[in-house]
Number of protein chains: 2
Amino acid sequence: MVEDVVRTLGFLCMGSRLRRIGERLQADTQQVIDEAGLGIQAGQYPFLAAIDRSGPLTIGELAQAVGITQPGATRTIGQLLELGYVDMQPAPDDQRRRLVSLTDKGQDLVDHSKKVIWPRIAAAVADLCGNLDGPILEQLAAIEDGLAAVPLARRNAAKEER
Amino acid sequence: MVEDVVRTLGFLCMGSRLRRIGERLQADTQQVIDEAGLGIQAGQYPFLAAIDRSGPLTIGELAQAVGITQPGATRTIGQLLELGYVDMQPAPDDQRRRLVSLTDKGQDLVDHSKKVIWPRIAAAVADLCGNLDGPILEQLAAIEDGLAAVPLARRNAAKEER
DNA sequence: GGGTGTTATATAACGTGTTATAGATTAAAT
DNA sequence: ATTTAATCTATAACACGTTATATAACACCC
């Protein structure tokens with residue numbers, strides 16, 4: 001048995017570790033989706049959810065809502081277009097922007113997911129994380145906000161100045 | 001301003017979110033490494049650290065130690081070979097296994113990193129996470145262990161049986 | 001009102017993870 | 001002893017994120 005270095009090294013490998021856990025969680029989530037017979041990728045859901053919540057959004061707004069870069073959003077929306085879950089049309093007032101909206105098929109998928117799949121996933125994750133002694137979601141939010149406020153690279157400089 | 005769906009959806013998008021934060025953290029870590037003038041990728045460090053801690057390891061052991069799949073380990077070790085930080089030789093007793101060890105150059109890098117870079121990174125991450133009201137590292141460990149014990153997909157079934 | 005800068009999206013190239021599978025070596029079984 | 005199964009590493013193909021850059025449309029300014 002080999003020791004888990006990433007775990008052993010603690011804060012030093014926090015990035016790798018969060019990624020690793022996230023990948024694992026998302027893979028497990030995918031399994032739940034597949035078992036339900038849905039033909040969609042876990043990573044595509046946030047896009048549909050964003051449009052469902054806010055109404056038609058542009059590529060750039062979607063990228064921002066989902067927290068990835070614009071080319072990534074362009075690609076995922078391209079997939080959802082292929083699958084027929086969304087529709088894309090130039091914004092009437094600005095031809096540069098493309099408004100992405102849910103098709104009927106997409107809305108059906110979202111409605112069904114909201115009723116059946118999402119609660120199941122959320123419950124499973126809550127079951128996994130809920131009993132931890134700290135509010136993990138708030139902590140993640142704090143980390144995100146902290147990084148946005150002062151990136152890691154500048155936390156040394158700041159410290160050395162003191 | 002568009003709302004952050006991944007954050008809004010909470011447990012539902014936990015996988016995406018952990019990944020996202022991990023990527024961000026690792027990118028920031030990379031910046032610290034680059035500023036120090038080291039010619040190495042953040043993701044390669046755990047491999048060097050694993051060998052430094054445990055002595056020469058095979059590809060499979062490295063994959064396990066770092067928590068990725070074997071093909072991923074093969075690739076990263078290939079890079080470290082190119083860079084001259086590690087050496088690889090067939091195990092004397094089993095020609096299938098390849099023992100990966102640190103070269104002098106690799107050991108120098110690890111020694112220097114242990115003194116200068118790693119403490120800086122660990123301190124910065126601790127600065128970011130340390131003041132949270134829960135012990136985040138323990139929680140991550142609990143999540144990892146929880147997933148290993150009962151994968152997400154089976155946490156529904158279990159619940160429905162109750 | 002035509003040039004110039006800015007903004008929005010698309011595309012290309014790459015990094016790094018995954019799964020599936022092939023190839024080589026060892027272990028087991030008949 | 002030869003065949004068969006298991007194990008270890010390498011390779012191929014793909015997923016999905018990134019950065020850098022091209023293209024098209026808009027906004028501004030002289």
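FYI, side chains are in, hydrogens and waters are out, and symmetry mates aren't considered; it's all heavy atoms of this structure. Proteins get letters first, then strands, A, B, ... in listed order; numbering begins at 1 in each.
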For B/Asp145, look at atom CG and say whether over 12 heavy atoms of other residues, nucleotides or ligands are found less than 6.0 Å away.
-> yes
Length of the CZ-C1' vector between A/Arg75 and C/dG15, whole Å = 12 Å
To the side chain of A/Gln70, which of C/dA10, C/dG17, D/dT18 is closest?
-> C/dA10
Rounded distance in Å - CD1 (B/Ile77) to P (D/dC8) = 17 Å
Taking for each residue the nucleotide of DNA chain D bearing the nearest heavy atom, is the 5' side occupied by A/Thr69 or by B/Thr58?
-> B/Thr58
Which part of the nucleic acid, if any, lies within reach of B/Gly43 when heavy atoms closer than 4.0 Å are counted: base, sugar-phosphate only, or nothing?
-> nothing
Answer yes when A/Arg154 and B/Asp28 have at least one side-chain N-carboxylate O distance shorter than 4.0 Å, and no when they do not.
-> no
Hey, does B/Glu61 reach any base, or is it just sugar-phosphate, or nothing, if we go heavy atoms under 4.0 Å?
-> nothing
Could you check how far CD1 of B/Ile59 sits from P of D/dA10, rounded to whole Å?
-> 5 Å
Go through the steps to decide whether B/Val100 and B/Thr58 satisfy the test side-chain contact (heavy atoms from CB on, under 4.5 Å), and finish with yes or no.
-> CA-CA 6 Å; B/Val100 181; B/Thr58 67; over 6 Å; no
Quick one: is D/dT9 close enough that its OP1 or OP2 comes under 4.0 Å of any side-chain N or O from B/Thr74?
-> no
Can you list the steps and then say if A/Phe47 with A/Tyr85 is a side-chain contact (heavy atoms from CB on, under 4.5 Å)?
-> CA-CA 11 Å; A/Phe47 289 83; A/Tyr85 292 127; over 6 Å; no
Using whole Å, report how far CG of A/Leu57 lies from C1' of C/dT9.
-> 15 Å
Nearest heavy-atom approach of B/Val150 to B/Arg155 is O-NE, 2.9 Å
Assess whether one donor atom and one acceptor atom, taken from the side chain of A/Arg20 and the base of C/dG17, lie less than 3.5 Å apart.
-> no
Whole Å only: how far is the CD atom of B/Gln89 from the P atom of D/dT9?
-> 14 Å
Atom CZ of A/Phe47 and atom C1' of D/dC16: how far apart are they, to the nearest Å?
-> 10 Å
To the nearest Å, give me how far apart CD1 (B/Ile40) and P (C/dG15) are.
-> 15 Å
Does A/Gln41 have a side-chain nitrogen or oxygen under 4.0 Å from the phosphate oxygens OP1 or OP2 of D/dC16?
-> yes
Is there a donor-acceptor contact under 3.5 Å linking the side chains of A/Gln89 and A/Arg98?
-> no
Verify whether one side chain among A/Gln107 and A/Thr103 offers a donor that lies under 3.5 Å from an acceptor in the other.
-> no
Interatomic distance, B/Glu23 CD vs C/dC14 P [rounded to whole Å] = 20 Å
Could you check which of D/dA10, D/dC16, C/dT11 has an atom nearest any side-chain atom of A/Pro71?
-> C/dT11
Looking at residues 90-100 of chain A, who's got a heavy atom less than 4.0 Å off DNA chain C?
-> A/Arg96, A/Arg97, A/Arg98
